[in-house]
Protein chains: 2
Amino acid sequence: MIRVFIIDDHPMVIEGIKSLLAQSSVAEICGSAQDGSTALEALKSIEPEVALVDINLPDLNGIDLCGMLKKQFPKIKVLGLSTFKERSYITRMISAGASGYLLKNASREELEDAITAAWRGQLYMSLEAAAILTKPAPDTPELPMLTAREKEILLLIAEGLTNQEIAEKLFISPLTVDSHRKNLLAKFGVKNTAAMVRFAIEFKLIEY
Amino acid sequence: MIRVFIIDDHPMVIEGIKSLLAQSSVAEICGSAQDGSTALEALKSIEPEVALVDINLPDLNGIDLCGMLKKQFPKIKVLGLSTFKERSYITRMISAGASGYLLKNASREELEDAITAAWRGQLYMSLEAAAILTKPAPDTPELPMLTAREKEILLLIAEGLTNQEIAEKLFISPLTVDSHRKNLLAKFGVKNTAAMVRFAIEFKLIEY
DNA sequence: TTTTTTCTACCGGAAAAAGGGGATTTTGCA
DNA sequence: TGCAAAATCCCCTTTTTCCGGTAGAAAAAA
């Protein structure tokens, strides 16, 4: 039996997966959490083989959580879980170290397949997710890899703060903020903040 | 026992609700469907007292389905079900005849409360949904009325063009563009372009 | 017809951002 | 331990935006 841990803020979904796997002979639920931080805490004692991670969590997003999970618990295979079949979600989840991407409309079979595949070390893609990854010509400009600090500053920029104000908030020099800003512009390949904010929202790097 | 029918395209959610209500003494699941048309078909024979309707369905959206349900089966009380707590969703669902709005992160108690309230003919709102509905003024910081020209310029600003470039594109003076920019900032009540772009996207004044 | 709004245009000055460098310390990871 | 990446700080120059006004012509509303 493959031990599975669920991280999703919706009790309904947690209960749903539990129920779907109740009579399963391949997987069993060993625990669940409704947000990232309690999940990270719980996983110290519970040691599942597979973790189902929702993309949308209250405290931190599933992609970041996936990265943290893989870092702290490299043995755990992570499966992305979401309602949305957006390309960027899937690719970012995979590049964060996930072993697959599962839509919430998955059937019991798909769920079991995904878990076993992940457990074996394979990469699982639901049919729909695979279709998205293989079909459309990716004319999408590569979304920049941002550091944690850059994300932080990008968020404050999008909120309308100036370098000076950001510097005060983060207790660093305005010059440093400006450096980050310049790096951000370079990474995004744009020439001013307005375009960058739009881009960042488009690629869901920042909330709004 | 209140008979409940679930319409949601996610088996996980259906199973979740079933599981949550398995030991319930107030409600029981009498059936489920994964899309609107099969639901309408199934409801001809099954006659539930309450229907849980997801906002996002593959064939038609939950709001339209709610309207059709209330028309064909006026006795059935409809409860909207969604991950999203967007104001428009809630209000549109209610005006379509729903007896309440339930978020998918609802607990067993909330679920039971919602079902019983709906069954009694009351209007149920989850705490979060109610919070959104009751504070309209602060929630909607009057989205600015923009003139056609202003929208045009806002769009170009969001694309990263400078006043100079916009002026060339529209065959007007850069000073004029700057005037519009200033008016836009004033209307949005923000102090720089970055914040304005974010606002504009938030209020769907510009696409991205 | 008067009034208001919108679009247009301008000025001077301050503030911030953008462009293009360089340099040092932390920190994570091999 | 030692490298590479990230974060930090600094310089200078130019460009652009922001702020505070003013103001005329045209179009729309009263």
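We name chains A, B, ... by the order of the sequence lines, and we start the count at 1 in each one. Computed from a prediction, not measured in an experiment: that's the story for all the values here.
With sequence neighbours excluded, the residues forming a side-chain contact (heavy atoms from CB on, under 4.5 Å) with A:P48 are A:F5, A:C30, A:L43, A:I46, A:I76, listed by chain and number. Shown here are the salt bridge (Lys or Arg N to Asp or Glu O under 4.0 Å) partners of A:K169, two or more places apart in sequence or in another chain: there are none. Under the side-chain contact (heavy atoms from CB on, under 4.5 Å) criterion, A:N183 pairs with A:E150, sequence neighbours left out. Every residue two or more places apart in sequence or in another chain that forms a side-chain contact (heavy atoms from CB on, under 4.5 Å) with B:I166 is listed here: B:I153, B:L156, B:I157, B:L161, B:L170, B:V177. Annotation: salt bridge (Lys or Arg N to Asp or Glu O under 4.0 Å) contacts of A:R120 (sequence neighbours excluded): none. For A:S179, the side-chain contact (heavy atoms from CB on, under 4.5 Å) criterion is met by no residue, not counting sequence neighbours.
Rounded to a whole Å, the CD atom of B:E165 is 13 Å from the C1' atom of C:dA18.
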Show every donor-acceptor pair shorter than 3.5 Å between a side-chain atom in residues 13-23 of chain A and any protein atom, with sequence neighbours excluded, or say none if there are none.
from	atom 1	to	atom 2	distance (Å)
A:E15	OE1	B:S19	OG	2.7
A:S19	OG	B:E15	OE1	2.6
A:Q23	OE1	A:R108	NH2	3.4

Show every donor-acceptor pair shorter than 3.5 Å between a side-chain atom in residues 111-119 of chain A and any protein atom, with sequence neighbours excluded, or say none if there are none.
from	atom 1	to	atom 2	distance (Å)
A:E112	OE2	A:S24	OG	2.8
A:T116	OG1	A:E112	O	2.8
A:T116	OG1	A:D113	O	2.9

Quiz item: Tell me, for nucleotides 7-16 of chain C in 5' to 3' order, what letter each nucleotide earns: B for a base near a protein heavy atom under 4.0 Å, S for only sugar-phosphate near one, - for neither?
Solution: SBBBB----S
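Note on residues 27-46 of chain A: pairs passing salt bridge (charged side-chain N to carboxylate O under 4.0 Å, His left out), not counting sequence neighbours, are A:E41-A:K44.
Contact annotation: the side chain of A:V4 never approaches that of A:E49 to less than 4.5 Å [non-hydrogen atoms, C-beta and beyond].
For the helix from C:dT1-D:dA30 to C:dA30-D:dT1, the end axes, each set by the C1' atoms of five terminal pairs, are bent relative to each other by 70° (nearest 10°).
Chain B approaches DNA chain D within less than 4.0 angstrom (heavy atoms of the protein), and the contacting nucleotides run 5' to 3' from D:dT16 to D:dG21.
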